[in-house]
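Reviewing the structure listed below.
In what follows, chains are A, B, ... by sequence order, proteins preceding strands, each numbered from 1.
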Number of protein chains: 2
Amino acid sequence: MKVLAVDDEPQILRILRASLAARGHEVSTAPNGETALDILAGADVDLVLLDLGLPGIGGVEVIRRLRSWSSVPVIVLSVRDAQADKVTALDVGADDYVTKPFAMDELLARMRAVLRRKGAPDDEPPVVRAADLEVDLPKRLVTKAGRPVHLTPTEFALLELLVRNPGKLLTHRWLLQKVWGDAYGEESHYLRVYVANLRKKLEEHPGSPSLILTEPGVGYRWMAAESDQEPGRAEQDGR
Amino acid sequence: MKVLAVDDEPQILRILRASLAARGHEVSTAPNGETALDILAGADVDLVLLDLGLPGIGGVEVIRRLRSWSSVPVIVLSVRDAQADKVTALDVGADDYVTKPFAMDELLARMRAVLRRKGAPDDEPPVVRAADLEVDLPKRLVTKAGRPVHLTPTEFALLELLVRNPGKLLTHRWLLQKVWGDAYGEESHYLRVYVANLRKKLEEHPGSPSLILTEPGVGYRWMAAESDQEPGRAEQDGR
DNA sequence: CGTGAGCGTCAAGATGTCGTCAAGCTCGGA
DNA sequence: TCCGAGCTTGACGACATCTTGACGCTCACG
């Protein structure tokens, strides 16, 4: 397990290096964002521990650039965890966060959790069904009650993100950056228009949506509400 | 079960040692903060009982330093009218408190409650279950009896803090600062409103809550009420 | 027995966000 | 050049959430 620890405080790096090496991990360190990105570009790294308050390019920017070519797990180490900081880091692609000062065993638990999540390759079914709707991702084909529904490229991109993350709350920023690009994190007006388009084409009653739910102030959520005719499935009871 | 008891009164230590050893615990003791930290750095300890009125570095400082590298449960022993110290200790990371003089079985009950969360240790389960309730942190999805429950952003932030710290007594100030930001440490009125909202949406009987417990004058506590198969336990009567 | 502090509850106003419609714009193909 | 599909942008009413205040209750204390 190769871990890259990024922090501008040498003491933190020392502690991390010692604790992780004692558990058999191979640890490399970087004192700032530039060095971190260099290392990530060159060497294999299985997990990144990243301080947010870095000199030079900040931790958020590091994640943003890193995510353009790599999906290596990133755990953020932040001093404060007021809502805003936390959400920003997760928005740009961090996998989890730990507040400093942190307990070593908590960090280790988060590391295991993040790696497990990444490791499990979710076999996403290529075709998603909900009520009388059918979304065939590979064919880029959507049918409602057997009839094909025409979607524009942008509409389909947005729908694809939603159905690939059923039940999960997707933030405005995340959706915008995935569909329109990293520079469009703030244009939440686009979302409103395109969500409205999708609902008009897909929902039974666009006025009171049951597929694309809005979570005010945060984002949207795809609810595969197919539990009506299948009462036996008590979903993934991972016990 | 290895317990470290820290107190400057030898008599208290004697009583603790005797009572805990009789229950099969392995007890070590320390008369002051420095010794306590030395022991904690060297040996495995499963739980700490810590007096606040210590000579040298005080109990609060011990917790603060300890929390920078360990999350071992800490139960504070405080004298009756040291309300302020008690709250400060919880703010910096203590798990619970017992006021001196205390009944031994109350202390033991608190120990069990605090340890219950360590009982299923390691990876924090990304999805928390309690009775017919299910909280999926990554998805930001809460379901009760299979039905999704809608929470506002603030409600969810508060719930997340609670379920991530089961059994732990969380102070008003700590919760306020985490959810609303550092400047909101005093606005405990917000907490009352939002705790009421959560109880109304999640509790079976919002009038007599069993998930979110009130600790008058101090804070709130999430009871990991997974004791379904143990109906005999009616403890939380701490009056 | 009276009093006050802390808690739970309700409701109403303020604030910001969302849904909707429609018009202007861009760009590729006929 | 013209046309049309799709994308952007603006305006406005509707709505959800947050905030704030008032009130009744319980409990500890004098």
C:dG8 phosphate, OP1 or OP2, under 4.0 Å from B:K200 side-chain N/O: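 For C:dG8, neither OP1 nor OP2 has a side-chain N or O of B:K200 closer than 4.0 Å.
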
OP1 or OP2 of C:dG8 under 4.0 Å from side-chain N/O of B:R192: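 For C:dG8, neither OP1 nor OP2 has a side-chain N or O of B:R192 closer than 4.0 Å.
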
Atom OH of B:Y184: over 12 foreign heavy atoms under 6.0 Å: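 Atom OH in B:Y184 is not packed in, count stays at 12 or less.
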
Heavy atoms from other residues, nucleotides or ligands near NZ of A:K178 exceed 12 (cutoff 6.0 Å):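 Count not over threshold, so no.
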
Rounded to the nearest 0.5 Å, what separation is found between the [atom1] atom of [X] and the [atom2] atom of [Y]?
X	Y	atom1	atom2	answer
B:L50	B:I63	CG	CD1	5.0 Å
A:H189	A:L176	NE2	CG	11.5 Å
B:L198	B:L159	CG	CG	5.5 Å
A:T171	A:Q177	OG1	CD	8.0 Å
B:L191	B:Y220	CG	OH	6.0 Å
B:K144	B:R147	NZ	CZ	11.0 Å

Distance, rounded to the nearest Å, where [X] contributes [atom1] and [N] contributes [atom2]:
X	N	atom1	atom2	result
B:I212	C:dT9	CD1	C1'	15 Å
A:E215	D:dC18	CD	P	12 Å
A:E186	C:dC18	CD	P	13 Å
A:L176	C:dC18	CG	P	11 Å
B:E203	C:dG8	CD	C1'	13 Å
A:L158	D:dG6	CG	P	16 Å
B:Y220	C:dG6	OH	P	13 Å
B:L191	D:dC18	CG	C1'	14 Å

Side-chain touch B:V114/B:K168, heavy atoms, less than 4.5 angstrom: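 No; the side chains remain at least 4.5 Å from each other.
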
Summary of protein contacts for nucleotides 25-30 of chain C, nucleotide by nucleotide, where a base hit scores B, a sugar-phosphate-only hit scores S (4.0 Å, heavy atoms): ------

Heavy-atom protein contacts under 4.0 Å, nucleotides 8-17 of chain D, coded B base, S sugar-phosphate only, - none: BBBB----SS

Side-chain donor/acceptor of A:R129 to backbone N/O of A:D132, under 3.5 Å: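 Pair absent, no side-chain N/O of A:R129 close to backbone of A:D132.
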
Under 3.5 Å donor-acceptor, B:R67 side chain and B:V92 backbone: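 No: the side chain of B:R67 does not pair with the backbone of B:V92.
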
Rounded to 10 degrees, the angle between the two terminal axes of the helix from C:dC1-D:dG30 to C:dA30-D:dT1, each from five pairs: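 Comparing the axis at each end, I get an angle of 20°.
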
